[in-house]
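Have a look at the structure below before the remarks.
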Amino acid sequence: MSQISLTFPDGNAREFPAGTTPAEVAQSISTSLGKKAISASVNGAHWDLQWPIDADAQIAIHTMQDEDQALELIRHDFAHVMARAVQEIWPDTKVTIGPVTERGWFYDFDRQDPFTPEDLGRIEAKMKDIVAAKEPVTTEVWDRARAIAHYEELGEPYKVELIERIPEDAPIRMYWHGDWQDLCRGPHLQHTGQLPADAFKLMGVSGAYWFGDTSRPMLQRVQGVAFKNRDALKAHLTFLEEAAKRDHRRLGREMDLFHMQEEAPGQVFWHPNGWSVYTTLQDYMRRQQRAGGYVEVNTPQVVDRKLWEASGHWEKYQENMFIVEVDEEHAREKAINALKPMNCPCHVQIFNQGLKSYRDLPLRMAEFGSCNRYEPSGALHGIMRVRGFTQDDAHIFCTEEQIEDETRRFIDFLARIYRDLGFEGFKVKFSDRPDVRSGSDDVWDKSEHALRAATTAAGCDFELNPGEGAFYGPKLEFVLTDAIGRDWQCGTLQVDFVLPERLDATYIGADGAKHRPVMLHRAVLGSFERFIGILIEEHAGKLPFWLAPRQVVVASIVSEADDYIREVVAELQKAGVRAEADLRNEKINYKVREHSVGKVPVILAIGHREVEERTVTVRRLGEKQTAVTSLADIVSTLRAEATSPDLL
RNA sequence: GCCGGUAUAGCUCAGCUGGUAGAGCAACUGAUUUGUAAUCAGUGGGUCGGGGGUUCAAGUCCCUCUGCCGGCACCA
């Protein structure tokens, strides 16, 4: 038997027989390590304790102290334990896949009857039994034909399909948790007793298509979360409770920002407070755009289908458009129009008016464009995903050579705005060609290459999002997250060689000939609706002072203060601060509580003392202590705070 | 759009196996002039999401439509 050399993290190397497993290595170090070990890293790969090592390697033995490996194994083994529990309770359930997720795992099942919320408790109890039984985990590599035959015999068609999808040269691993067996790439724990039985919770059931394919039957997905110990689980559940308090749908009501109702699903009724946030943000964006070299335009809402046919939307996007049929009495046929789902075709119409010269490029055309899209009902989500919304949209008409410069310029532009609005970090995703698309592969090659090069040149790190581009071109997505960590695309930059062609946009070049411009579709906020939703959740309703709808409430302690309070409010309003008086016959405690719940950033309390001394007592949201300040001082302080960051 | 859940007063929720609606907060009225997260008392308010059905009787059971919630799919 040949020997191999295994090098430990401390640099020491030892000889072992070839085919030694990490379990044996751990055992050889100490019996307690042998027991505590959960997995290993072999040349950086996460390695099951039972997998043999055939050649010299770097090795590290992992225990529950190693956070990353421990969590992966805990979640992955819980997935198997849950699947086992489900099949023990309902033997006719077919198993599919059960991967680890960010905070836990899910497992998709095929079963006639739906899982009920009550079933989750039963499954949890059974899972705890399996953990308590300390079922050993064992593994074998099987021959492909044997594995397929095995699952065909068991009546597990999804597993057969999975095996068929495994690459030819990859091993087909079988795992057993006690008697229960599953196809799995591993690694896994030594036995189920290593799982923390008090640190997991089943979170719910939902539907999910097999391999995300809508043409396949829908499976039932049971989701769970798991952590290293009970405290970590409790911390996560607390986090979820706190996140629920930051939910923009809840804060929207509590802060009286907006509402939505059944008669207009996916559309927002903005209340005065919410509209104040919206218009403040819009004013800010308008100043930014002017400074950034954009011209602002405005285009029609209802546009004849002919334009959508020309742009390609009729073909590629029709099911997402609100169609408007107008029945004119004397017309030969019905006029068919559509509410615009995007602004781009209209912007090209403006570009096409009169001759454009290469000297006009880049032409940056912006619009706060109201769009309507018939989004699938299941996609609607508060004001984050709606059917009627306004984009801070712009199209940059430029030459191919200008793409890189414009992209870099845009990324700087966006980053500065996000910073102003309180977002320090954001994700960037690069989405390339989707299956359903316009334009030739040549054009796509060119677009993807140009955008990628420009992004790299701008020093922007991005992750690849394969096949997620728009139908007319690749895109960069600037992604922000909501209170519970869901990603939302806000900003975007999309290269488009297709639309200028389809709508015949041209400019006269230096050579006197006609040329085709490139269009860059871009948005910073994405839509005001979504962005304000994110803004609310990001700040937990405590919007930056300059954006807060009600910035100051001046509250009376005694009614003799009313006249002075009116004066204070008038002074503040004159200084450009959104201030109002609260003269109700209520205790100051009551008023403080109510305005704190309403997320008013500053409460000024006025009693006898303040009237006499011409001062105010300042209480800031989230702070317990108060401070007495002269009227003149607070007016100048708050005037400065009310100024939007670009005007400082 | 799909799977599951859900819909009771402005808000948060109660209403057991069917017998014709209740609480707290809010609102309104009155008292209280109050010092930093809920002052006290009284009053009003619901065709139980819409439609249909079963039944002597439906908030409760069934069907259906709609909205909402969680995922999937789709996407700013």
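This one's a predicted model, so the numbers in the text were calculated from it and none came from an experiment.
Minimum interatomic distance between A:Trp444 and A:Pro474 (heavy atoms only, all atoms of both residues): CZ3-N, 3.4 Å. The two residues A:Glu477 and A:Ser431 make their nearest non-hydrogen contact at OE2-OG, 2.7 Å.
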Do A:Glu367 and A:Lys340 pass the salt bridge (Lys or Arg N to Asp or Glu O under 4.0 Å) test, and can you show the C-alpha distance, the side-chain angles, and the key distance before you say yes or no? CA-CA 13 Å; A:Glu367 175 175 3; A:Lys340 69 174 170 184; 3.0 Å; yes

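Ring-centre distance between A:Trp90 and A:Phe115: below the 6.0 Å cut-off. In summary, the aromatic rings of A:Tyr294 and A:Phe413 are positioned with their centroids under 6.0 Å apart.
Counting only Watson-Crick or G-U wobble pairs whose defining distances are both under 3.5 Å, the stems of 3 or more consecutive pairs in RNA chain B are B:1-7 with B:66-72, B:10-13 with B:22-25, B:27-31 with B:39-43, B:49-53 with B:61-65.
Going from atom CZ of A:Phe106 over to atom C1' of B:C72 covers 10 Å, rounded to whole Å. Rounded to an integer number of Å, the gap from CD of A:Gln489 to C1' of B:A76 is 6 Å. In this structure, the CD1 atom of A:Ile565 is 17 Å from the P atom of B:U33, given to the nearest Å. Distance A:Glu254 CD to B:C25 P: 18 Å, rounded to the nearest Å.
Residue-to-nucleotide contacts include a donor-acceptor pair under 3.5 Å from the side chain of A:Thr617 to the base of B:G35. Looking at A:Thr626, its side chain has no donor and acceptor atom pair within 3.5 Å of the base of B:U36. For A:Gln494 against B:A76, a side-chain-to-base donor-acceptor contact under 3.5 Å is absent. In the interface, the side chain of A:Tyr209 is paired with the base of B:G1 through a donor and an acceptor atom under 3.5 Å apart. At a cut-off of 3.5 angstrom, counting only N and O atoms as typed in the model, there is no donor on one side facing an acceptor on the other between the side-chain of A:Arg221 and the base of B:C72. Judged by atom type and distance alone, A:Arg216 does not reach the base of B:C72 through any side-chain donor-acceptor pair under 3.5 Å. Residue side chain A:Arg522 does not reach the base of B:A76 through any donor-acceptor N/O pair under 3.5 Å, judged by distance alone.
The nucleotide whose nearest atom lies closest to any side-chain atom of A:Glu560 is, among B:U66, B:U33, B:C72, B:U33. Taking the side chain of A:Arg385 as heavy atoms from C-beta on, and the options B:U33, B:C2, B:A76, the nearest nucleotide is B:A76. Comparing atom distances between the A:Pro114 side chain and each of B:G1, B:C68, B:G4 picks out B:G4 as nearest. Candidate nucleotides B:C2, B:A76, B:G70 were compared by shortest atom distance to the side chain of A:Met218, and B:C2 ranks first. Minimum atom distance to the side chain of A:Pro265 is reached by B:G67, of the listed B:G67, B:G71, B:A37. The nucleotide whose nearest atom lies closest to any side-chain atom of A:Val592 is, among B:C75, B:C68, B:A37, B:A37. Closest contact between the side chain of A:His381 and the listed nucleotides B:G35, B:G70, B:A76 involves B:G70. You'll find that the side chain of A:Arg530 is closest to B:C75, out of B:C74, B:C75, B:G35. If you check B:G35, B:C74, B:U36 against the side chain of A:Glu610, the one that comes closest is B:G35. The side chain of A:Arg619 approaches B:A37 more closely than any other nucleotide in the set B:C68, B:A76, B:A37.
Here A:Tyr590 does not pack flat against the base of B:A37, since the 5.5 angstrom centre distance and 30 degree tilt limits are not both met.
B:C3 and B:G59: their P atoms are spaced 29 Å apart (whole Å). Only the P atoms considered, B:C69 is 24 Å distant from B:U47, to the nearest whole Å. Remark: the separation of the C1' atoms in B:U8 and B:A14 is 10 Å, to the nearest Å. Taking the P atoms as reference points, B:U64 lies 12 Å from B:G4, given to the whole Å. Taking the P atoms as reference points, B:U60 lies 16 Å from B:U55, given to the whole Å. Between B:C25 and B:U39, the two C1' atoms lie 15 Å apart (nearest whole Å).
Position along RNA chain B of the nearest nucleotide to A:Ile603 versus A:Glu319 favours A:Ile603 as the more 5'-ward residue. Nearest-nucleotide positions on RNA chain B place A:Gln261 closer to the 5' end than the other of A:Gln261 and A:Gly526.
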Polar atom pairs between nucleotides 6-17 of chain B and protein, under 3.5 Å, N or O only, would you list them?
residue : atom : partner  : partner atom : Å
B:U12   : OP1  : A:Arg253 : NH2          : 3.2

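At a threshold of 4.0 Å, the pair A:Lys591-A:Glu594 does not count as salt-bridged, since none of the basic side-chain nitrogens sits closer than that to a carboxylate oxygen. Under 4.0 Å is where a charged nitrogen must lie from a carboxylate oxygen, and between A:Arg246 and A:Glu242 no such pair does. Using a cut-off of 4.0 Å between Lys/Arg side-chain N and Asp/Glu carboxylate O, A:Arg566 and A:Asp563 are scored as salt-bridged. The pair A:Lys429-A:Glu468 fails the salt-bridge criterion, with no side-chain N (NZ, NE, NH1 or NH2) lying under 4.0 Å from an Asp/Glu carboxylate O. Looking at A:Glu254 and A:Arg250, a side-chain N of the basic residue comes within less than 4.0 Å of a carboxylate O on the acidic one, giving a salt bridge.
Partner of A:Ile565 under the side-chain contact (heavy atoms from CB on, under 4.5 Å) criterion, chosen from A:Leu604, A:Asp582, A:Ile557, A:Leu583: A:Leu583.
For A:Gln261, the CD atom is densely surrounded, since the number of other residues' heavy atoms within 6.0 Å is greater than 12.
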